[in-house]
Amino acid sequence: MADNDFQHRLDALRHTLDQWAFEYFVLDQPTATDAEYDARMNELRAIEAEHPELVTAESPTQRVGSFQQSDFSEVVHPRPLLSLSNVYSREELDAWAARAERLSGSSALAFVTEPKIDGLAVALTYVNGRFNHGATRGNGMVGDDISANIRAIRSIPVNLRAPQSFPMPETIEIRGEIYIRKSDFERLNSGIADAGGKLFMNSRNAAAGSIRQKDTAITAQRPLRLFAYQIGYTIGTGLPPTHFDTLGWLRELGFTTSLDAARHTSLDDVWRACETWLELRPTLDFEIDGTVIKVDSLQLQEEIGFVAREPRWATAYKFPAIQQTTKVLDIIINVGRTGTLNPLALLEPVNIGGVTVKRATLHNEDEIARKDIRIGDTVIVQRAGDVIPQIVKVIEERRTGNQQPYAMPDACPSCGTPVHRDEDVAMRYCTNAACPAQLKERIHHFIGRPAMDIDGLGAKLADRFIDLGWIVDVASIYQLDWAKVSELEGMGETSAANLARAVEKSKSQPLWRLIHGLGIRHVGERTATLVADRFGSLDALMGASAAEIEAIPGIGGILAASLHDFAQEEPNRQLVERLKAAGVRTADERSASDTARHLDGVTLVLTGRFDALTRPEAEERLRRAGANVTSSVSKKTTALIAGADAGSKVDKALALKVPVLEEADLMTMLDGRVPDALSTEVAITIESGAAADS
Ligand code: IVH
């Protein structure tokens with residue numbers, strides 16, 4: 001064959017294989033047998049082996065190859081991935097709908113219902129119809145780059161199908177839920193059992209484990225599927241007017257959506273759909289944990305807006321938690337990192353919805369008294385999704401008289417210090433700052449994945465170092481004597497060297513991870529990110545007044561007081577100094593190459609409406625990237641970003657020769673880049689800003 005003919009044959013084979021995969025995975029109506037599929041695939045492989053120069057990243061053969069990834073890099077989501085509020089009853093649904101109507105100014109809202117798939121959320125970006133990159137939800141702002149694994153999943157298109165009813169967007173981000181069918185999950189687990197491997201607890205864990213696989217060949221063998229349910233944003237074309245139309249668009253592009261999504265104009269109908277899904281739940285081949293209810297009109301969605309990380313235009317009717325009966329074997333105390341004595345019930349192991357439950361939280365002593373939980377009691381336990389199991393109630397009829405009431409200890413079970421009781425919150429605290437149990441919890445939190453993420457230093461090993469007195473606070477992790485570590489039983493030089501490297505690497509973690517890792521009361525990932533973005537360094541944060549901290553949008557009085565109190569305490573100040581002395585990075589670099597702060601020194605004004613996100617959202621994200629966002633155009637404005645229906649600000653900008661940018665430039669900025677139209681301006685502003693400082 002001539003080269004040209006090879007190319008034609010390749011194109012035809014690739015097209016056919018993609019079509020068959022689409023029919024098989026998306027339509028669930030295969031038109032070819034497995035044998036036919038394999039035969040074409042083998043032919044394609046043979047041609048590509050002869051002509052490696054003709055291999056492309058999109059070729060079906062590339063989806064099953066093996067690619068070892070060492071670590072997943074982080075992807076900043078241009079628009080955060082939100083979570084959903086929950087309603088548990090018709091009354092709560094009505095209250096939610098009433099608020100949505102009030103906020104939208106419309107008294108006749110249309111809603112869409114669809115099943116809430118119990119998998120994990122991903123965001124897939126396609127540029128000019130080709131898969132570009134994919135990310136996990138992560139903390140909603142930043143996720144892991146799982147592009148290679150996404151390519152390995154045959155049920156997800158690498159090339160979008162040409163849509164009929166709208167133009168192909170230049171860039172489109174598709175959001176959906178990755179999951180494994182119940183039947184596929186059974187097969188997967190029995191295969192693993194045959195091979196003597198470790199079984200997955202449930203299909204959700206199997207999906208999560210498979211998508212975060214470091215070996216793409218393993219991901220390729222896992223029966224992962226995707227339900228698409230949202231368009232994150234588009235560039236180059238608008239969005240459809242409604243969510244219901246969005247689902248149609250997604251299908252045209254080649255994705256599976258929930259076919260039974262339905263549009264309703266009355267709440268009675270919405271509620272009926274919620275109940276129907278609950279009824280259908282056991283008959284479906286995929287796990288669902290609720291019904292999602294969304295306001296249909298995208299324009300009204302925007303008007304209704306969101307609060308914190310939850311949209312107010314959508315909610316989930318959460319199915320009642322799955323419950324089981326079991327026995328309380330014992331009640332033990334776990335000392336938390338702030339010194340709280342947390343009672344835990346040890347249970348006779350029981351399987352709830354595919355997960356073996358062995359312990360349940362008891363919250364505090366008042367809770368134990370209120371529910372009158374005694375050791376030896378038969379109880380009803382419930383597990384709702386990922387949440388820690390809880391004891392719903394004691395079955396008193398099963399009492400034999402041998403049950404033992406529980407008394408909280410008066411001394412810390414770890415260090416023996418007499419406990420302090422806080423009457424208001426019914427909590428007992430160990431006030432010993434040097435309590436080993438507290439220290440262990442603090443260290444576990446610091447090294448954990450949501451904080452400094454020190455790979456290789458697990459809780460067990462950290463505990464060993466603590467017991468040896470080598471780790472006395474988070475700073476001493478950076479002063480470990482690696483020669484001594486290598487002499488420990490079971491360590492050796494290679495392990496010690498690997499560990500040393502991992503610890504060293506964590507020194508340059510972004511500031512928010514360090515702030516989160518310090519374990520300041522009430523400060524989670526989201527607050528840590530906001531504070532790190534605002535102050536840029538630990539020194540600036542430690543020197544800030546409570547009022548300055550509270551001025552950050554999204555941070556209230558309690559959080560501000562907690563951060564400020566932390567900064568005022570001398571031992572904490574010393575700890576920060578020791579971290580710095582050990583070489584831990586306590587300030588985010590604000591260079592042009594640092595994508596998180598690539599807009600430092602830039603002053604922007606936004607006007608008009610944007611398709612992909614609301615103005616407050618855009619403003620917040622621009623600020624997080626370092627920009628100063630103001631409300632009126634002046635000579636100091638670096639650029640005006642004008643959306644649809646922009647008004648007089650554009651005239652003013654033109655008069656002052658301030659560049660006027662459009663939505664595409666905004667998205668470029670939120671992607672961590674500087675648009676061409678602005679690159680010279682930014683360089684100039686940053687330079688003059690730096691000059692003014694010195
Ligand atoms: S909509 C802002 N639709 O539920 C809207 N989410 O608790 C949020 N989920 O992170 C997403 N099925 O992972 C939406 N049909 C569905 C869904 C769904 C499952 C998950 C998703 C999201 C979580 C929110």
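Because only heavy atoms are used, hydrogens play no part in the values below, and waters and symmetry mates are left out as well, while side chains stay in. First listed ligand is number 1; within each ligand, the first listed atom is number 1.
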Worksheet item: Cut-off 3.5 Å, side chains only: do R251 and T257 have a donor facing an acceptor?
Response: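 There is such a pair between these side chains.
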Discussion item. Does either side chain, that of D245 or that of T242, offer a donor lying less than 3.5 Å from an acceptor on the other one?
Written reply: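 Their side chains do contain a donor-acceptor pair, which is all the 3.5 Å distance test asks for.
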Worksheet item: Hey, looking at atom 3 (N) of ligand 1, which of K318, K294, R312, E177 has the closest heavy atom?
Response: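 Looking at heavy atoms only, the winner is K294.
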Which ligand 1 atoms does [X] reach within 4.0 Å, using its non-hydrogen atoms?
| X | value |
| --- | --- |
| P115 | 12 (N), 15 (N) |
| V292 | 3 (N), 15 (N), 16 (C), 17 (C) |
| A121 | 10 (O), 13 (O) |

Worksheet item: Nearest 0.5 Å, what's the OG1-CD1 distance between T527 and I520?
Response: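 So the OG1 of T527 and the CD1 of I520 are separated by 10.0 Å.
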Discussion item. Checking the side chain of Y229 only, and the main-chain atoms of I174 only, is there a donor and an acceptor separated by less than 3.5 Å?
Written reply: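 Flag not set: sc Y229 to bb I174 has no pair under 3.5 Å.
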Item to complete: Could you tell me whether a side-chain N or O of W271 sits under 3.5 Å from a main-chain N or O of D94, the two making a donor and an acceptor?
Response: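 No, because the side chain of W271 does not come within donor-acceptor range (under 3.5 Å) of the backbone of D94.
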Worksheet entry | Lys/Arg cation over aromatic Y179: R204, 6.0 Å, 45° cone |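 Relative to the ring axis of Y179, which defines the angle, R204 lies outside at least one limit.
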Which protein non-hydrogen atom lies closest to [atom], naming both residue and atom, and how far is it?
| atom | answer |
| --- | --- |
| atom 2 (C) of ligand 1 | P311 CG, 3.3 Å |
| atom 15 (N) of ligand 1 | E114 OE2, 2.7 Å |
| atom 12 (N) of ligand 1 | I117 N, 3.0 Å |
| atom 5 (C) of ligand 1 | L84 CD2, 3.8 Å |
| atom 11 (C) of ligand 1 | Y229 CE1, 3.6 Å |

Worksheet item: What is the minimum heavy-atom distance between A207 and L224, and which atoms define it?
Response: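 Between these two residues, the closest heavy atoms are CA-CD2, 3.7 Å.
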